[in-house]
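Quick notes on the structure that follows.
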Amino acid sequence: MHTRASLIKQTNKINRVVVGFDKDPYKQQHKVFRKLIKKAEDTEFGLKYQFDEILSANFDMALYRKLVPIHTYETIYESWWKRTKRGDKDTVWPGKIKYFALSSGTTQGSSKFIPVSKQMLKTIRKTSFKQIVALMGMRLPAKTLSGEVLMIGGCTKLEDKNGKYFGDMSGISAAHAMPNWFVKSYYKPGYAIAEIPEWNKRVDAIVKHAKDWDISIICGMPNWVHLVLEKIIAHYKVKSIHEIWPNFKLFIHGGVYFDIYKSAFSQLLSKDIKYAETYMASEGFFGFTTADSKGQIRLVLNGNVFYEFIPFNSHNFDELGKLKPNVNAITLEQVKADVDYALVITNNSGAWRYLIGDTIQFVDIKKTTIKITGRLSHSLNVCGEHVSAGNLVGAFSKTFHSLDLPGNEFTVAAKFNNGRGCYHVFIAGNKAIGKLPIVERLDKYLKAGNTDYAVARTANLGKPIVHIVPKKTMYLWLIKNGKEGNQFKMPLVLNKQNLEDWLAFVGIDI
């Protein structure tokens, strides 16, 4: 029988070779670029955008950027992915694409259909193995590496429409990108439970069987994992999750900012655990933390994803986060540390120069470590303050910590009335929280983290107004909007599309 411990008990040299972090990052990206262009040369996309010319020019990246436009979801779906979804072959990638990940991003918009090729699933499987190998550097106990892994994600039962399959990306990956030996010996909750379509019923089944498992690693989004662990603790009337799973030592998280949840997580534990972040989206597995990355994500540069970067500033994007015309992207060789970049990817599923909606910063260029700083649509700018998602999370994290509060979920809406702007902040919690000096602390930390906000506060931007809503309310609102469990989370910023619905739901007039 395979054991993960036996697979990764090799030396650190094997770790570096398998993961690829000791290789020249630029050469790895050039190799990925050449491979993708060569593979798709004879597709309709490749023919339209003259991939043969790029090949003849010795895989000239500058020519690629000149010939191929940057795509948003709307532009690439209408022109290409719609036909791929219909069943046309050789459009954006050789052959027919069988799987499509349903994604709404974080703006609560209608579902997106992201193509997932069999080659991409193979890449995810390889990258997942690289992550497991990288974990050996964390000096985890042998029991952790050989214990069971609980993956709290999407339903693995996909919707079959004429031989094409649709579902959550985490469900597609769990069902089709994990090796059989791992599924058979280590994967929990197992397919029988993971295929239950209804989130609440799936959680109830996890709670019922929790005592039968020896979980050492948990993977999932912090907000939903926290909810599941709370339910398990309450059901078995114990004080911490370690009374059920004494060998639980590692939480692999992703999808939302973890800082605001860490304090709340600590209240569910009676032993210290380690944390690792994964950067995985419907468009690919982009990176993960390693023992030497100081908590930051290392980009996987040999994983069939070619990266480009657009400085996220007013020159390139409007106040709503929309890309302006004639914007130039740069490659890895040109990036600088501590600059917000919008991420553009090309992958082995037919995403060509695709603007995925995330913003990142490079922390260490030599090690290609990054941190996710937000979404293009998650910014506030009603009075010229240019508050990013990173600014919000940083200010809220410091506010909660200073008031000794557990990680509370929140969302923010901006209003501008009678020449004056204001942030309305909705925080999940009980009424007692409303008596704390949240407004003063939040205002203080926003000023400290963003000079434009500090200036705006001296002019026509008023103090934030805080509204406390029951924690359950946010979950119920997500459920009402078809965002139950899995990869869905409360948006950091409520936009015009969902603010009215939210206010009606909570019964608050602002």
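Just so it is clear, the structure is predicted and the values come from calculations on it, not from any experiment.
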If the test is ring-ring contact (aromatic ring centres under 6.0 Å, His included), which one of F396, W502, F410, F505 qualifies with F426? W502
Show your reasoning for whether side-chain contact (heavy atoms from CB on, under 4.5 Å) applies to I360 and F309. CA-CA 9 Å; I360 66 165; F309 312 91; 3.9 Å; yes
List the steps, then state whether side-chain contact (heavy atoms from CB on, under 4.5 Å) holds for N304 with N347. CA-CA 6 Å; N304 289 308; N347 70 7; over 6 Å; no
State whether a side-chain donor-acceptor pair under 3.5 Å links S240 with S270. yes
Taking the side chain as everything from C-beta on, heavy atoms only, tell me whether L268 gets closer than 4.5 Å to H226. yes
Strictly distance-based, threshold 3.5 Å: is any side-chain N or O of W213 a donor or acceptor partner for the main-chain N or O of I244? no
Is any side-chain heavy atom of I273 less than 4.5 Å from a side-chain heavy atom of L250? no
Donor-acceptor pair, K271 side chain versus H242 backbone, under 3.5 Å? no
Which heavy atom in G171 sits nearest to a heavy atom in T156, and how many Å separate them? O-CG2, 3.7 Å
With rounding to the nearest 0.5 Å, note down the distance linking CD1 in I70 to CG in L355. 7.0 Å
NZ of K211: more than 12 outside heavy atoms within 6.0 angstrom? yes
Kindly indicate whether the side chain of W477, heavy atoms from C-beta on, has any atom under 4.5 Å from the side chain of N498. yes
Specify whether Y275 and F251 have parallel, tilted or perpendicular ring planes, treating 30° as the upper limit for parallel and 60° as the lower limit for perpendicular. perpendicular
Contact summary for R375 and T359, nearest pair of heavy atoms: N-OG1, 4.0 Å
Using the benzene-type ring in the case of Trp, are the ring centres of Y475 and W224 under 6.0 Å apart? yes
Checking the side chain of R125 only, and the main-chain atoms of M120 only, is there a donor and an acceptor separated by less than 3.5 Å? no
For the atom pair OG (S293) and NZ (K367), what is the distance rounded to the nearest 0.5 Å? 8.0 Å
Any K188 side-chain heavy atom under 4.5 Å of V149 side chain: no
4.5 Å side-chain heavy-atom contact, Q29 and Y26: no
Closer than 3.5 angstrom, by distance alone: can the side chain of D501 be matched with the main-chain N or O of A504 as a donor-acceptor pair? no
Surrounding NE2 of H401 (heavy atoms of other residues, nucleotides or ligands, distance under 6.0 Å), is the total greater than 12? no
Check: I365 main-chain N/O paired with T368 side-chain donor or acceptor under 3.5 Å: no
Residue K471 excluded, over 12 heavy atoms near NZ under 6.0 Å: yes
Within 6.0 angstrom of D212 CG, more than 12 heavy atoms from elsewhere: yes
For the residue pair F312 and Y341, is the inter-centroid distance of their aromatic rings smaller than 6.0 Å? no
Side-chain H-bond candidate by donor/acceptor type, N302 with K130, under 3.5 Å: yes
Flag the pair M178 / M151 as yes when at least one side-chain heavy-atom distance between them is below 4.5 Å, and no otherwise. yes
From L229 CG over to L269 CG, what is the distance, rounded to the nearest 0.5 angstrom? 8.0 Å
Does CG in D404 sit with more than 12 non-hydrogen atoms of other residues, nucleotides or ligands closer than 6.0 Å? no
Is the CD atom of E500 crowded by more than 12 outside heavy atoms at less than 6.0 Å? no
Heavy-atom pair with the smallest gap, counting every atom of Y354 and T72: CE1-C, 3.7 Å
Count the heavy atoms belonging to other residues, nucleotides or ligands that lie under 6.0 Å from NZ of K208, then report whether that count exceeds 12. no
Does any donor atom in the side chain of E385 or Y423 lie under 3.5 Å from an acceptor atom in the other side chain? yes
Establish, from distance only, whether the side-chain atoms of D214 and N247 form a donor-acceptor pair under 3.5 Å. yes
Restricting to non-hydrogen atoms, name the atom on V207 and the atom on I232 that form the minimum distance, rounded to 0.1 Å. CG2-CG1, 3.9 Å
Closer than 3.5 angstrom, by distance alone: can the side chain of S170 be matched with the main-chain N or O of G154 as a donor-acceptor pair? yes
Given Q361, which partner from the list T369, T373, D340 fulfils the side-chain hydrogen bond (donor to acceptor under 3.5 Å, both in side chains) test? D340
Tell me if the aromatic rings of F285 and Y279 count as close, with their centers under 6.0 Å from one another. no
Check ion pair D443-K447 (N to O, under 4.0 angstrom): yes
Approximate separation, where rounding is to 0.5 Å, of D272 CG and S266 OG: 10.0 Å
Between F265 and F258, ring centroids under 6.0 Å: yes
What's the shortest heavy-atom distance between A395 and L442, and which atoms? CB-CD1, 3.9 Å
Carefully, step by step, assess Y307 and T331 under the rule side-chain contact (heavy atoms from CB on, under 4.5 Å). CA-CA 7 Å; Y307 302 100; T331 52; over 6 Å; no
Is it true that R298 and D292 make a salt bridge, defined as a side-chain N closer than 4.0 Å to a carboxylate O? yes
Drop me the distance from M221's CE to H253's NE2, to the nearest 0.5 angstrom. 12.0 Å
Using modelled atom types and a 3.5 Å cut-off, is there a donor and acceptor pairing between side-chain atoms of S173 and backbone atoms of M169? yes
Using a distance-only test with no angle check, is there a side-chain donor-acceptor pair under 3.5 angstrom linking T278 and Q131? yes
About how many Å separate CZ of R441 and CG of L405, when rounded to the nearest 0.5 Å? 10.0 Å
If every non-hydrogen atom of I241 is compared with every non-hydrogen atom of I233, which pair is closest and at what distance? N-CD1, 3.6 Å
Would you mind reporting whether L380 and L392 have side-chain heavy atoms less than 4.5 Å apart? yes
Note, I465 side chain near C422 side chain (heavy atom, < 4.5 Å): yes
Can any side-chain N or O of T127 pair as donor or acceptor with the backbone N or O of I124 at less than 3.5 Å? no
Full working for side-chain contact (heavy atoms from CB on, under 4.5 Å) between T411 and V493: CA-CA 6 Å; T411 187; V493 176; 5.9 Å; no
Electrostatic pair K294-D364, nearest N-O below 4.0 angstrom: no
